[in-house]
Amino acid sequence: MQHVPFEGLGYIESWLKENQHPISATRFHESDHQLPHPDDIDALIIMGGPMGVYDEALYPWLKPEKAFISDCITRQKKILGICLGAQLIATCLGADIHTAPHKEIGWFPVQANNNPDKTYWFTDLFKDNPVVFHWHGDQFRIPEGCANLLNTGANTNQAFIYKEKVIAIQFHLEVERVNVLQMLDNCGSDLNSSQYVQGIEQLVDGTRYCVSANQILRRLLSMLLNN
């Protein structure tokens, strides 16, 4: 599910093709977008976007998208949500989405929380506090029954897993340099002088972290989609 032209799959597309997973897409920015039947998909990947989960008056397709995500969760499909995608999952699980305590735009480290449960494999991916790419002003609450897995200095709620098949992450492991430049071209007005918002030079320089972030995503996708 792609919400805007400039927030596509990034590295995810390379991984899916490498692992011979056929890709279908619903692009909500296209007038003829169509949702598949949940039985016709094996997994669902929900990308980001500058809109908010409650902006149904501006983006009427949000309502059927939420219904589709909820249906996929009920049918126990494997799901990965990124940024807005993660917030949509949280909403479908009954959690509130609200303005984050800090707008977070840039390359910042994430830290794993101590959660002695079945999510150890996930938090192990982040044991070295990797620097990853963030671009968000909203934050999800952790849905009931899910553990708060990751945090940053700006925002505590960065990731959760629901029933081992649904993964929601607030940040962008998928970006490659071109994706960061596209987001700057289209959303550069989001930048300001607040504490956790980096400038253009820092954002571009930080693309050196893309490869290490993509490698974390490689392991995450293997665990979610190849098992």
Side-chain angles (χ1 to χ4, degrees), residues 1-97 118-119 121-122 136 138 140-147 149 157 159-174 217-227:
M1 288 179 156
Q2 185 174 342
H3 303 103
V4 288
F6 54 89
E7 289 200 46
L9 286 170
Y11 172 76
I12 298 172
E13 183 173 2
S14 299
W15 185 91
L16 290 171
K17 290 179 177 178
E18 178 184 325
N19 287 269
Q20 300 182 337
H21 294 296
I23 306 168
S24 60
T26 295
R27 297 185 175 93
F28 291 101
H29 52 88
E30 297 179 352
S31 59
D32 60 346
H33 69 267
Q34 292 186 349
L35 288 165
H37 191 282
D39 289 344
D40 293 334
I41 64 170
D42 298 303
L44 175 64
I45 298 172
I46 315 165
M47 302 308 298
M51 60 286 297
V53 297
Y54 300 127
D55 290 342
E56 293 179 4
L58 293 173
Y59 307 99
W61 45 259
L62 278 167
K63 187 173 182 179
E65 181 181 13
K66 292 174 189 176
F68 181 79
I69 295 169
S70 295
D71 196 6
C72 288
I73 293 173
T74 299
R75 293 169 185 261
Q76 299 185 2
K77 298 292 182 178
K78 296 178 179 181
I79 304 174
L80 172 64
I82 296 170
C83 201
L84 173 64
Q87 295 167 12
L88 286 164
I89 290 171
T91 299
C92 292
L93 292 174
D96 175 52
I97 312 299
K118 294 179 181 179
T119 60
W121 69 267
F122 179 87
H136 67 100
D138 288 342
F140 51 70
R141 297 194 191 279
I142 303 299
E144 186 176 353
C146 300
L149 301 178
N157 300 350
F160 64 85
I161 297 178
Y162 177 72
K163 292 188 176 180
E164 301 182 64
K165 290 193 173 187
V166 180
I167 298 178
I169 55 175
Q170 183 62 72
F171 45 88
H172 296 269
L173 294 172
E174 82 285 359
L217 184 56
R218 168 184 285 271
R219 294 165 61 193
L220 188 158
L221 291 169
S222 294
M223 291 295 296
L224 178 64
L225 300 183
N226 283 352
N227 289 329

- request: Report the residues that fulfil salt bridge (charged side-chain N to carboxylate O under 4.0 Å, His left out) with Lys165, sequence neighbours left out, ordered by chain and then residue number.
  value: none
Using a 3.5 Å cut-off and no angle test, enumerate the donor-acceptor pairs between side-chain atoms of residues 30-47 and protein atoms at least two apart in sequence or in another chain.
from	atom 1	to	atom 2	distance (Å)
His33	ND1	Glu30	O	3.0
His37	ND1	Asp39	N	3.0
Asp39	OD1	Arg75	NH1	2.8

- prompt: How many angstroms lie between CG in Leu149 and CD1 in Ile161, if you round to the nearest 0.5 Å?
  reply: 5.5 Å
- prompt: In Å, rounded to the nearest 0.5 Å, how long is the span from NZ of Lys78 to SG of Cys72?
  reply: 14.0 Å
field: Asn157 side, atom CG; Cys146 side, atom SG - distance, nearest 0.5 Å
entry: 11.5 Å
- request: Could you walk me through whether Met51 and Val4 pass the side chain to side chain contact (heavy atoms under 4.5 Å, CB included) test, one step at a time?
  value: CA-CA 9 Å; Met51 60 286 297; Val4 288; 3.9 Å; yes
field: Shortest non-hydrogen separation from Ala95 to Tyr54 and the atoms involved
entry: O-OH, 4.3 Å
- request: List the steps, then state whether side chain to side chain contact (heavy atoms under 4.5 Å, CB included) holds for Gln2 with Leu9.
  value: CA-CA 8 Å; Gln2 185 174 342; Leu9 286 170; over 6 Å; no
statement: dist Trp15:CH2 -> His21:NE2 (nearest 0.5 Å) comes out at 4.0 Å
- prompt: Should the heavy atoms of other residues, nucleotides or ligands under 6.0 Å from OH of Tyr162 be counted, would the total exceed 12?
  reply: no
query: What heavy-atom pair brings Ala168 and Ile89 nearest, and what distance separates the two atoms?
result: CB-CD1, 4.4 Å
message: Run the ring-ring contact (aromatic ring centres under 6.0 Å, His included) test against His29 and tell me which residues pass, sequence neighbours left out.
response: none
Side-chain donor-acceptor pairs of residues 60-70 under 3.5 Å, sequence neighbours excluded:
from	atom 1	to	atom 2	distance (Å)
Glu65	OE1	His3	NE2	3.2
Glu65	OE2	His3	NE2	2.7
Lys66	NZ	Val53	O	2.6
Lys66	NZ	Glu56	OE2	2.8
Ser70	OG	Lys66	O	3.0

Nearest heavy atoms of Arg141 and Ala90, plus distance in Å: O-CB, 4.2 Å
- line: Note: Pro22 and Gln20 closest approach over all heavy atoms is CD-O, 3.5 Å
message: Within the structure provided, determine whether Leu221 and Leu16 are in side-chain contact (heavy-atom separation under 4.5 Å).
response: no
- line: In this structure, CG of Leu217 is separated from CG of Leu80 (nearest 0.5 Å) by 7.0 Å
task: Please tell me if the side chains of Glu174 and Ile82 come closer than 4.5 Å, counting only heavy atoms from C-beta onward.
output: yes
- prompt: Would a distance-only check, ignoring hydrogens and angles, find a side-chain to backbone donor-acceptor pair under 3.5 Å from His136 to Asp138?
  reply: yes
query: Do the non-hydrogen side-chain atoms of Lys77 and Asp71 ever get within less than 4.5 Å of each other?
result: no
message: Please find the pair of heavy atoms, one from Ala159 and one from Ile169, that lie closest to each other, and give the distance.
response: CB-CG2, 3.9 Å
task: Kindly state each residue pair satisfying side-chain hydrogen bond (donor to acceptor under 3.5 Å, both in side chains) with at least one member in residues 79-90, sequence neighbours excluded.
output: Gln87-Gln170
- prompt: Residues in salt bridge (charged side-chain N to carboxylate O under 4.0 Å, His left out) with Glu18, at least two apart?
  reply: Arg218
task: Calculate, to the nearest 0.5 Å, the distance between atoms CZ and CD1 belonging to Phe160 and Ile167 respectively.
output: 10.5 Å
